[in-house]
Amino acid sequence: MEPIPEIKIKKKKKRRARPKQGSTPKSIVSAPVAAFLSAIIPGLGQVLATQFSRGLLLMAAFFSSSGLLAWRVYLLAHREPTAMAMFSKALGRRPFFVGLVMGSIFLIWLWNIRDAARQTRPERRGGVGIFVLVVFVFFSLGWQISEINPYKAITDLPQALPPLSRVLWPWKAAFTYRTETVKAHANILIGCEDPLPQQPERGPGEPYLKSDPTCGELSRFDENNNVIKGTVLTIEGGNFEPNSEAQIWWVDSLGNEFRPRQEGQYVSVTTDSEGSFKLELVMPYRLTPPSARGRQIHKVEARQVERVGGPIPAEPLRLTISRMIETIFMGMMATIFGIVLAIPISFLAARNLMSGSFITMGIYYITRTILNIVRSIEPLIWALVAVVWVGLGPFAGIIALTIHSVAALGKLYSEAIENIDRGPIEAIQATGANRIQTIMFAVVPQMISPFVSFSIYRWDINVRMSTVIGLVGGGGIGFILVQYIRLLDYRAAGIAVWFIALTVAILDYVSSEIRSRFV
Amino acid sequence: MLEVKNLTKIYEDGTVALRDVSFQVEDGEFLVIIGLSGSGKSTLLRCINRLVEPTEGEILWDGEDITSADPAQLRKIRRQIGMIFQHFNLVKRLSVTSNVLSGRLGYVNPWSSIIHRFPQRDRETAGKALEKVGIADQAHKRADELSGGQQQRVGIARALMQEPRMILADEPVASLDPVLAHTILGYIERMNQESKIMVLCSLHYLDLVQRYATRVIGLREGRIVYRGTREEIRKMTDEEFKEIYGEEAERISAGRREE
Ligand SMILES: Nc1ncnc2c1ncn2[C@@H]1O[C@H](COP(=O)(O)OP(=O)(O)OP(=O)(O)O)[C@@H](O)[C@H]1O
Ligand SMILES: [Mg+2]
């Protein structure tokens, strides 16, 4: 057969013999030189023994850990004039930390010298055990740098328990009762000039209040600011709510009301099982204005606050529910906007669709890069930007979540498009189907399950995110949660936390359920 | 009658997959195409229904030039050509019935078909087609729930739905075990013999070629290097078969292909 040079023939890849293990280039320095160099610059000996990564790793570990230690020592004792003084002061303040890290670094240094010598030998033995010590040094540094303090966590726990328990069981604040005030009064004449004041009329069974006497003098102060006690009134009430508290109020002739005190306490009584009570009340001090001269009639009044009807949701609960709804819808709207915008973008970011020409490949790379950058920025940061843009509120949150969703979904969708199987498309085309039929029969069925599952997953994430996006002013439940925490209203905050947890749990279940149906 | 004249295919990357290929197939023939991996078998079959656009040459089917057909004509031609694939190429997420019905897409009203509405008559034929290939009980399963052999039967039922006058089968049994191979090729042979449907099929195993082919062409590096009649192929020995495959033939000697 004549040779046909133009024809490409696919050749099977021949397996090339792999280079044998251990054929790394020989060391370029002798053992003592390597040890000496590593004593001056840790790792240098290993590098010159052509164990590059080992040497560089050691070098990096040694210098970064000593650098970090120096920084911490400086922070502990920066007032000291000399390095030695700083060091001994720091050792004095944190003997355990400074001593341990210092000692370990010294050990690493020693080991490194020995290792450098060993690495020059052809068999290149030497364990990696020392790197456990390196990790330990970084762990100790990390402990100190990040101010870890388990002791404080334990000792401060008792203080944290009361607010914590309120957060965990906040339902006391969730409901209130509508109240009605039951009251009755008696008229009291100031200065006992006839005639005595008329008493209010009362029907049978209505609460009443009787006073004996029905006139008297208010408490006063003499020139030396000593109290001259007023008349003692014996007050009797009846037909009140049994076995509950009744407050005593005083109403002066101008209609100003206040609660009189006796021995520093507001005067109140508890009714007996019949709803009656009896008490003695010293007529309180009241400065009457000059305009109120003449016959003055004050009132003594007993009031009971009574619950009517069943419990009704209190303000925090109502606000939480309405904000929770807002949150769920924020997540939903952001997801919908995200899906709508991500679909066209995902076509631009799908390699198989864009591999046509240099221009389309360029668009592909640009789109991919933008998506990656946008996606790597957390929604909370986008929310900060959006708050500056459109102001506080749920719209800012929606913008932030939408931006992030577009990027995340755009990537997922484009990967779904890239993974599409060409086979069924060809098979459907081969039956004589037109373009739309091919899309509906071969493309859509392949896309639908990833699209649905990614979108649901995103909705799930968006609702979760929208619960925290309020922390930076992006609306939703997070917004009231921070407010409650700042106001130290832990019960209200607890209600919000409970609702967040509940919603997320339900959502988790629903979304995984839907996704498992579709996949 | 199908006439392929001077067919050449050069892919965009410069690969010459077919070089000046010419042959004829009469109605009712079972033409088997043999050749090494990469010799251009798939390319040839795909050129015939223009899943791959030929670079040069003509393909005449009963005098009509497939290569110059406009899109509407091409769809009319394609609907009469059933295609069976090595990897079945079913739409995995659709039901078996939907996959079989998709064979009617070239005939039905495109608008109602895109919402998967097909005439009652087609639905009945689909049932019968599934019965013919022996998987009527699987009709409501999703295509990817079936075994490989069952999936290929769905592929054949889909081709049957087209009421085809030609079948293109690209290694229809290469991903099935040998026992199934005869079943599947048996269905294709039945279509070929009962309805005089022309079959173009690429195969790898000599025993299968000898059993089913009425005529054979051998490809190597995009050229036809062997033409044989039924009788010639029956007499062919393993050694001669290997010759067509060239120097690398040892690898296929056991009737098994190395991928
Ligand atoms: N889309 C394509 N783009 C570029 N080259 C292609 C393409 N498809 C096939 N080829 C090349 O064309 C030549 C023929 O391929 P073809 O798939 O027709 O071979 P085949 O005989 O079917 O092989 P197999 O038995 O492995 O299926 C091969 O060299 C292949 O690499
Ligand atoms: Mg092939």
Side-chain angles (χ1 to χ4, degrees), chain A residues 1-15 351-361 416-417 419-454 514-519, chain B residues 11 13-17 19 36-39 46 49-51 71-72 74-94 98-99 101-108 110-111 113-116 143 155 158-159 161-162 168 220-223 225 246 248 251 258:
Chain A
M1 236 186 96
E2 92 248 54
I4 312 163
E6 315 95 308
I7 293 179
K8 275 191 195 168
I9 300 167
K10 266 199 173 171
K11 281 199 184 116
K12 296 242 163 75
K13 269 184 205 158
K14 288 206 181 96
R15 229 178 258 160
R351 196 187 195 100
N352 53 344
L353 299 183
M354 301 299 287
S355 58
S357 71
F358 282 116
I359 300 169
T360 53
M361 262 330 251
I417 295 173
N419 288 335
I420 215 166
D421 183 3
R422 294 252 353 131
I425 296 176
E426 289 191 335
I428 296 295
Q429 277 176 342
T431 64
N434 67 20
R435 196 173 273 268
I436 305 164
Q437 289 174 317
T438 309
I439 291 174
M440 292 308 287
F441 266 79
V443 181
V444 170
Q446 291 194 58
M447 297 301 300
I448 213 147
S449 115
F451 263 66
V452 169
S453 99
F454 292 147
I514 297 177
R515 275 186 287 154
S516 69
R517 294 271 157 86
F518 264 91
V519 178
Chain B
Y11 282 108
D13 62 357
T15 313
V16 183
R19 260 197 162 243
L36 264 180
S37 180
S39 58
R46 281 154 184 273
N49 65 359
R50 275 177 57 192
L51 284 181
L74 178 62
R75 288 201 295 274
K76 288 225 170 70
I77 295 167
R78 276 178 175 172
R79 70 185 190 185
Q80 303 175 60
I81 306 178
M83 192 155 192
I84 295 161
F85 302 83
Q86 176 182 353
H87 299 293
F88 328 128
N89 289 0
L90 302 182
V91 184
K92 294 192 176 63
R93 296 189 53 83
L94 293 184
S98 291
N99 269 290
L101 280 168
S102 70
R104 295 304 293 170
L105 285 174
Y107 293 93
V108 296
W111 296 111
S113 73
I114 60 173
I115 51 165
H116 294 231
R158 176 170 67 189
M161 287 301 283
Q162 292 177 238
L168 302 174
R220 183 154 80 203
E221 292 167 6
R223 287 175 185 277
V225 293
E248 287 186 66
R251 305 235 170 104
E258 204 196 60

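Residue numbering restarts at 1 for every chain, and letters A, B, ... go by the order of the sequence lines.
- Residues A/F441 and B/S98 share a closest heavy-atom pair of CE2-O, 4.1 Å.
- Considering every non-hydrogen atom in both B/V91 and A/A442, the closest pair reads CG2-CA, 4.3 Å.
- With a 4.5 Å cut-off on non-hydrogen atoms, B/I114 touches chain A through its backbone and its side chain both.
- A donor-acceptor pair is defined here as one N or O able to donate and one able to accept, closer than 3.5 Å; such a pair exists between the side chain of A/Q437 and the backbone of B/L105.
- Contacts with chain A were tallied for B/G82, B/S39, B/G38, B/P110; B/P110 has the most, counting heavy-atom pairs under 4.5 Å.
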So B/R78 and A/Q429, side chain to side chain contact (heavy atoms under 4.5 Å, CB included) or not? Walk me through it. CA-CA 8 Å; B/R78 276 178 175 172; A/Q429 277 176 342; 4.0 Å; yes
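- Nearest heavy-atom pair, B/M83 versus A/A430, reported as atom, atom and distance to 0.1 Å: CB-CB, 4.1 Å.
- Nearest approach of A/A427 to B/R158, heavy atoms of both residues: CB-NH2, 3.3 Å.
- Contact of B/R104 with chain A is not made at all, since no heavy-atom distance falls under 4.5 Å.
- Residue contact with chain A, scored on non-hydrogen atoms closer than 4.5 Å, involves the side chain of B/L51 exclusively.
- The parts of A/I436 that come within reach of chain B are both its backbone and its side chain, each placing non-hydrogen atoms under 4.5 angstrom from that chain.
- With a 4.5 Å cut-off on non-hydrogen atoms, A/I448 touches chain B through its side chain but not through its backbone.
- Of the listed residues (B/H87, B/H116, B/K92), the one with the most heavy-atom contacts under 4.5 Å to chain A is B/H116.
- With no hydrogens or angles considered, no side-chain donor-acceptor pair links A/T431 and B/Q162 at under 3.5 Å.
- Residue A/I359 qualifies as open at atom CD1: its count of foreign heavy atoms under 6.0 Å is 12 or below.
- Annotation: the span from B/L90 atom CG to A/D421 atom CG amounts to 10.5 Å, rounded to 0.5 Å.
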